[in-house]
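This report concerns only the one structure given below.
Just so you know, these numbers come straight off a predicted model, no measurement behind them.
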Amino acid sequence: GEDVEQSLFLSVREGDSSVINCTYTDSSSTYLYWYKQEPGAGLQLLTYIFSNMDMKQDQRLTVLLNKKDKHLSLRIADTQTGDSAIYFCAEKNYNNDMRFGAGTRLTVKP
Amino acid sequence: DGGITQSPKYLFRKEGQNVTLSCEQNLNHDAMYWYRQDPGQGLRLIYYSQIVNDFQKGDIAEGYSVSREKKESFPLTVTSAQKNPTAFYLCASSISGVPQYFGPGTRLTVL
């Protein structure tokens, strides 16, 4: 089946930039998404990018998409302790099926 | 305040029992979803419903059942046929076909 893969852990210092990476295998992906999950809570949709775009910026968040390599990244500028959470990458294909990655746990150290 | 509520937050079940997890939304969304989350794994879709009185199996529907009698409500029953039910269960809703709003989740533990 199609897969979405992410590294499980990332640790950065407060004020640094964080880059969370994701790879996917489904070449029919139409939209790609980033969700944030804080401890014991549900997921919050952070941002998304259409598959024919290569970059989207929203305040401190920058999403980069390399469609040829099927690689998606989320950059968080000036990372704060409140950004500590699990970040999920997800993709939707033309059948409207969604696949989620396992999530990357971001730890921000003061 | 609009949103999705799930109850209870924690649920304990003895082996062989059926339990029902509640999910309610007041967002007027047509589509609702149930996901299961296990440590170190992504979310896996159990069931989804795009309109009242209709629902479809997701990737891991075995051992689960749902109903959608009202637009606002999409309860999930974990039956005794589900062999490994201990997990975190998330309900979501959407208006555009992509899960956009998630509830706070129910953690189910089998004793």
Side-chain angles (χ1 to χ4, degrees), chain A residues 1-10 20-26 28-51 53 56 58 63 72 74 85-107, chain B residues 2-11 21-25 27 29-51 56-61 74 76 87-109:
Chain A
E2 303 295 352
D3 263 337
V4 179
E5 294 193 353
Q6 305 175 237
S7 52
L8 293 183
F9 302 98
L10 176 65
I20 302 170
N21 294 301
C22 170
T23 58
Y24 60 97
T25 58
D26 191 343
S28 71
S29 293
T30 55
Y31 285 90
L32 296 116
Y33 304 85
W34 285 104
Y35 289 84
K36 177 183 180 182
Q37 184 181 34
E38 298 189 12
L43 276 66
Q44 171 195 356
L45 180 62
L46 280 180
T47 187
Y48 65 92
I49 188 166
F50 187 47
S51 60
M53 298 170 62
K56 181 177 180 181
D58 184 1
V63 179
L72 181 74
L74 174 69
I86 300 176
Y87 290 82
F88 289 90
C89 167
E91 59 96 12
K92 184 175 82 158
N93 65 17
Y94 70 94
N95 280 332
N96 281 338
D97 295 327
M98 280 198 74
R99 290 281 179 264
F100 286 82
T104 298
R105 183 180 296 274
L106 174 65
T107 302
Chain B
I4 301 180
T5 56
Q6 290 185 242
S7 61
K9 189 169 177 65
Y10 299 97
L11 186 57
L21 284 59
S22 167
C23 176
E24 305 275 333
Q25 55 101 356
L27 299 163
H29 285 173
D30 287 315
M32 297 185 74
Y33 311 79
W34 274 106
Y35 289 91
R36 171 179 170 140
Q37 184 179 19
D38 293 284
Q41 296 190 35
L43 277 64
R44 292 183 290 168
L45 182 64
I46 305 172
Y47 268 99
Y48 65 100
S49 167
Q50 295 187 333
I51 54 171
Q56 308 294 329
K57 291 182 179 180
D59 298 323
I60 56 164
F74 191 39
L76 174 74
F88 191 52
Y89 290 87
L90 287 161
C91 178
S93 72
S94 81
I95 201 163
S96 61
V98 174
Q100 290 179 303
Y101 294 89
F102 280 80
T106 293
R107 187 165 298 280
L108 172 64
T109 303

Looking only at heavy atoms, which two atoms of B:Phe88 and A:Gln37 are closest? And how far apart?
CE2-NE2, 3.7 Å

Roughly how far, to the nearest 0.5 Å, is the [atom2] atom of [Y] from the [atom1] atom of [X]?
X	Y	atom1	atom2	result
A:Met98	B:Tyr35	CE	OH	5.5 Å
B:Asp59	A:Asp97	CG	CG	7.5 Å
A:Tyr35	B:Phe102	OH	CZ	5.0 Å

In this structure, are over 12 heavy atoms from other groups packed under 6.0 Å from A:Phe100 atom CZ?
yes

In terms of heavy-atom contacts, does OH of A:Tyr48 have more than 12 from other residues, nucleotides or ligands at under 6.0 Å?
no

Whatever's closer than 4.5 Å to a heavy atom in chain B on A:Tyr33 counts as side chain

Sort B:Leu45 into side chain, backbone, both or neither according to what part of it lies under 4.5 angstrom from a heavy atom of chain A.
neither

Return the set of residues passing ring-ring contact (aromatic ring centres under 6.0 Å, His included) with A:Phe9 (not counting sequence neighbours), or none when no residue passes.
none

Contact winner vs chain A - B:Lys9, B:Gln37, B:Arg44, B:Arg107, heavy-atom pairs under 4.5 Å:
B:Gln37

